[in-house]
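Within every chain, numbering begins at 1; the chains are lettered A, B, ... in the order of the sequence lines, protein sequences first and strands thereafter.
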There are 2 protein chains.
Amino acid sequence: MNKTELLLEEFLPYKLSYLTNLISDDLSKLYTDQFGIAHTEWRVMAVLGVSSGVSAGHVAKKTAMNKVAVSRAINNMIKNDLIERQFSSEDKRRSELMLSTKGQDVYNNIVPLILEYENNILSILDEKERASLANILKKLTGYIKE
Amino acid sequence: MNKTELLLEEFLPYKLSYLTNLISDDLSKLYTDQFGIAHTEWRVMAVLGVSSGVSAGHVAKKTAMNKVAVSRAINNMIKNDLIERQFSSEDKRRSELMLSTKGQDVYNNIVPLILEYENNILSILDEKERASLANILKKLTGYIKE
DNA sequence: TGCAATTAGTTTCATATGTAACTATTGTAG
DNA sequence: CTACAATAGTTACATATGAAACTAATTGCA
């Protein structure tokens, strides 16, 4: 029994997008308002906080951002002393990126706030629901990426 | 046992955002590539397809868009003969919007494609999972909106 | 009444974003 | 080798977006 009428409130893509935006707005308050980090910059930082010395291309893959956005974020963060860059000696095109001392410090401050936020919203779900959500998101994502 | 490290791949907001973007990109192919309707315009259309004669402010609420975006979408769609506007006789500020014949036609063409897409991705889930997803999204959204 | 506050929608301006074209470097087929 | 293709990242340009200021109309209330 499929729908033949489209109601935004009952349309999965809309509901997902709505929730995503709510969360995204909340999170950006944590890093933008308090630390002046833009959304794209935060994503770059999140990658470099875990894997140091990687290239811009690697960051792009991990964050699902396009290379232009990554390039801009990186150059801005370098200007703001949040990350450091050198170019690989084997391949002079490839950058090797790492958080600066200041960047690491900012990262260390943001991560607990971010995780606390995640914990908070997950607190509304019980264990089964959390597992179910993770599983469903994985299934959908895998299916759509084909 | 809470996380103390942040891995994007395991971070709910990131996973949600990633999935949302995949879906959003797929959907925009349906209405942008085939009908030249922008994302914001599609949302306006989706509201007017269900409730005709409503104001721009009403559309903004229903779509979770800001009033500037709605204003722009509406004016562009009027230019493209997709919607018609008159202003309320009781309150000359308030617009009364409806799809034009052409707009209704475009809408009628897009809706089945959109619903088919939703059905397709939901086909990867069984009944229980669909219900669970709907329930979880509702819970999270309600909780975050507080 | 009459004037301040509110509301609907628009415009302005500064910033963000994506696509395509570009530079520089490296890989590879002949 | 050499020239052409591929890769990493940047720049340029056109478009999208949001916040704040604005216009016009309506409401509230002294």
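- Scanning for side-chain contact (heavy atoms from CB on, under 4.5 Å) contacts around B/N120 gives A/Y143, B/S123, with sequence neighbours left out.
- Inter-residue side-chain proximity for B/L113 and B/Y117 is flagged as unmet; no heavy-atom pair is nearer than 4.5 Å.
- When distances run from any side-chain atom of B/V68 to the nucleotides D/dA19, C/dT26, D/dT10, the shortest one goes to D/dA19.
- For B/K92, the NZ atom is loosely surrounded, since the number of other residues' heavy atoms within 6.0 Å does not exceed 12.
- When all heavy atoms are compared, the tightest approach of B/Y14 to A/R43 is CD1-NH2, 3.5 Å.
- The separation between B/N66 atom CG and C/dT11 atom P is 15 Å, rounded to whole Å.
- The side chain of A/K92 has C/dT26 as its nearest neighbour among D/dG9, C/dT10, C/dT26.
- Residues A/E90 and A/T40 each lie close to DNA chain C; by heavy-atom proximity, the contact nearer the 5' end of the strand is made by A/T40.
- The distance from atom NZ of A/K61 to atom P of D/dA8 is 7 Å, rounded to the nearest whole Å.
- Between A/S95 and D/dG9, a side-chain N or O to OP1/OP2 separation shorter than 4.0 Å is present.
- Among C/dT25, C/dT17, D/dA25, the nucleotide with an atom closest to any side-chain atom of B/D91 is D/dA25.
- Nucleotide C/dG18 holds its C1' atom 16 Å from the NE2 atom of B/H39, rounded to whole Å.
- Contacts of A/E96 with the nucleic acid, taken as non-hydrogen atoms under 4.0 Å apart, are absent.
- Rounded to the nearest 0.5 Å, atoms CG (A/L140) and CG (B/L122) are 7.0 Å apart.
- Put simply, CE on B/M65 is 13 Å from P on D/dA19, counting in whole angstrom units.
- DNA chain C is contacted by B/S71, B/R72, B/N75, B/R85 of residues 70-88 of chain B, taking any non-hydrogen atom closer than 4.0 Å.
- One atom, NZ of A/K67, and another, P of C/dT17, lie 18 Å apart when rounded to the nearest Å.
- For C/dT26, the base has no donor-acceptor partner in the side chain of A/R93 [N/O atoms by modelled type, under 3.5 angstrom].
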